[in-house]
Amino acid sequence: MPSSSSTSTTSHSWASFLLLIRSSPSPIPVHAHLLKLGLLPHPHLRNALLHSHAQLGLLHLARRLFDELSHWALPDSNSLLSAYFKWGHLREARALFDATPRRNVVTWTTMVTGYARIGDLESARRCFDAMPDRTVVSWNAMLSGYSQNGFEDEALRLFHEMVGAGFQPNETTWVTVISSCAARGDPSLADSLAALLHQVRGIDFNCFLKTALLDMYAKCGRLAAARRIFDDLAPHNNTVAWNAMVSAFMRSGDLASARELFDRMLNKDVVSWNSMIAGYAQNGQSAFAVRLFKDMVTLTGEHPKPDEVTMASVFSACGHLGTLEIGKWAVAFLEKNQIRLGTSGYNSLIFMYSKCGSIEDAQRIFQEMQRKDVVSYNTLISGLAAHGRGREALEVMSKMKEEGIDPDRVTYVSILTACSHGGLLQEGRRLFETIKAPSNDHYACMVDLLGRAGELEEAKRLIQIIPMKPHAGVYGSLLNACRIHRRTDLAEMAAYGLFEIEPNNSGNYVLLSNIYAQAGRWEDVDKVRQMMRRRGVKKATGWSWVEHKGEVHKFLAGDRSHERCSEIYHLLANLRRRMQRAGYVAEGSCVLRDVVEEDREEMVVVHSEKLAVCFALIVSEAGEAIRVMKNMRVCWDCHTAIKTISKLEGREIIVRDNNRFHHFLEGQCSCKDYW
DNA sequence: GTGCTTAATC
């Protein structure tokens, strides 16, 4: 067996082989070459080869080298150990660690890192605590474990412990601590950390450190400070710094500056695209998000491949838009390109399907997921709530508890909404009692539930005992309940509470005015209208749209601009005659009035959703469900009309208003709470 | 001679 201390020429060739092993993309040819030259027994070369195999995931080869080596030399168990973690072989890693007689600080640190990478911080910490001795790298490993798994507070606490134990933080330590601080988003913490950093001597402000600082300032709202560091780093063509700056602009809502920077970037990587697409989606610009995604995959040139993060943003954008066709296209893209989704990717798929009216697809995705988190449950529950499926939402919630996942505040908002839309008063009451410290949102949901169920006195009493200042949602729920149950007296109280909080929300005024109109109090209707004029509040116009063959067809109330306008109105008139003949139409409703001759004084403009439904009836295939999106409330008249149309045409019609769905089939509607 | 730790997007 050759030893490492032989002649200088031999050691020179070992060194060059080492370089070769480390630089070649695949270790296999080098392995074969060394075998032929008879150099394989050399322990250093073997260990290097072992390392290459292990890092590339060729674990059987690495293991063979390891086993052969352990007969006569000390093999590098650490390389194999870290590879077992990297490729998800937890049991093998543990067994190797237990079988390793001479564990050094690197062995222990590898264990800490391995457990932290898979998110098992308890085991990581157990290893860290059990370490016979530590280096700064060991501390960094534990710190980054906390930081990257969202335990920023733990990371900062450990940092203090580290300094207290007399360890000198190095640049890596600082980068990790700064990124924990960035995640906290606390500007004063950021400032004190920066001050501390600048006091320390001998710190090399390297690229990592500067970029981490940039990101911290950006996430804490110190955009000017971030910009200064960026201007210092930008000429070095540091893609990470550019990306951090793009997302900083996006976070602050400055979409134009983000776009300008993005367009100027020379080396866009997948994160650059993701930052832009996610930024558009989060700033309510879902159409821009989708368009940019299309650019990413269709424009010629060197575009990076979309990944899970890209797809999650695109699904979310499709959900907000309600564009099922584009959503399905994105799913097809995902499958064709074999992009694998993790939990959050699947969560955004659940969101997309339920927001696009395909709650069954949302349920299917949910069932297919192997790992579900609290967001998965919340997304499905709130989807079921929007679709009026209260019972199923309750089932999902009990399954969640069986699986040992604790409901959070969002879960309770969703489940109370589900009870409310599903007319489940008792269940909702019981659940509300189990909320530890209900927030304004929870009270708003409860007022909504009681109010829809007709328990207005109880709702009023609940508002009086809210331990904080009620927000607009609380009064809004009460006001809406007053409309449903025609309680004009209570409505005034709720409305004036609401006008104080949101003086510019036209919806509140319209609601009150409609309540007066229901009661025939026309002078009060006029008073509300005058108040709106005086305060300069403008009524928002509602519009509806239908997606057909990749295009969005948009309709305003009384719209005559669509190219197939005459067909649409023709169908509408036809339907109206059939409705009358079948006796489905309530006397005096605008179902009757809105298609009348234009010279009638009381003419009501045709609702946008009826135009959209008629258009969809004309263009869609027989048997296909019709999906209409509406950006305002579907009113009572329209609801009745669409119910009737679903019966006359024998079609399923799904209408999404702001955040809920009405499934019409056979003259029935899925919602059980009002109408 | 080598293994362990660091910044950006959902």
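As the structure is a computational prediction, the values presented were derived from the model and not from experiment. Note on naming: letters A, B, ... go to the chains in the order of the sequence lines (proteins, then strands), and numbering restarts at 1 for each one.
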Determine: side-chain N/O of Gln148(A) to OP1/OP2 of dT5(B), distance under 4.0 Å, yes or no.
-> no
Please work out if Asn104(A) contacts a base, only the sugar-phosphate, or nothing of the nucleic acid, heavy-atom cut-off 4.0 Å.
-> base
Please give, in whole Å, the distance from dA7(B) P to Leu209(A) CG?
-> 12 Å
Phe333(A), CZ atom: more than 12 neighbouring heavy atoms under 6.0 Å | yes
In terms of side-chain heavy atoms of Val175(A), which of dG3(B), dA7(B), dC4(B) is nearest?
-> dA7(B)
Can you check the Ile277(A) CD1 to dA8(B) P distance for me, whole Å?
-> 19 Å
Between Trp108(A) (CH2) and dC4(B) (P), how many Å, whole number?
-> 18 Å
Out of Phe159(A), Phe205(A), Trp139(A), which residue meets the ring-ring contact (aromatic ring centres under 6.0 Å, His included) rule with Trp174(A)?
-> Phe159(A)
Looking across every strand, which nucleic acid part, if any, lies under 4.0 Å from Asn206(A) by heavy atom: base, sugar-phosphate, or nothing?
-> nothing
Do you know which of Phe351(A), Tyr346(A), Tyr377(A) makes ring-ring contact (aromatic ring centres under 6.0 Å, His included) with Phe366(A)?
-> Tyr377(A)
dT5(B) P sits how many Å from Lys86(A) NZ, rounded?
-> 10 Å
Nucleotide nearest Ala278(A) when distance is taken to its side chain, options dC4(B), dT9(B), dA7(B) = dT9(B)
Kindly say whether the aromatic ring centers of Phe97(A) and Trp108(A) come within a distance under 6.0 Å.
-> yes
Would you please confirm or rule out a distance under 4.0 Å between OP1 or OP2 of dC4(B) and any side-chain N or O of Arg134(A)?
-> no
Leu341(A) CG - dT9(B) P separation (whole Å) = 19 Å
Could you check whether Arg251(A) gets within reach of a base, just the sugar-phosphate, or nothing at all, counting any heavy atom under 4.0 Å?
-> sugar-phosphate
Could you check whether Thr172(A) gets within reach of a base, just the sugar-phosphate, or nothing at all, counting any heavy atom under 4.0 Å?
-> base
Protein-nucleotide distance (Lys210(A), atom NZ; dT6(B), atom C1'), rounded to Å | 16 Å
Does the side chain of Thr211(A) get closer than 4.0 angstrom to OP1 or OP2 of dA8(B) through an N or O atom?
-> no
Check every strand shown and say whether Ser344(A) touches a base, only sugar-phosphate, or nothing at a heavy-atom separation below 4.0 Å.
-> base
Starting at atom CH2 of Trp174(A), determine the distance to atom P of dA7(B), rounded to an integer number of angstrom.
-> 16 Å
When we call it a touch if two heavy atoms are under 4.0 Å apart, what does Arg117(A) touch: a base, just sugar-phosphate, or nothing?
-> sugar-phosphate
Nearest-Å distance for atom pair CG/P, residues Asn170(A) and dT5(B) = 13 Å
Distance below 4.0 Å between Lys219(A) side-chain N/O and dT9(B) OP1 or OP2 | yes
Scan Asp269(A), Asn243(A), Asp307(A) and name whichever one has a side chain to side chain donor-acceptor pair (under 3.5 Å) with Asn274(A).
-> Asp307(A)
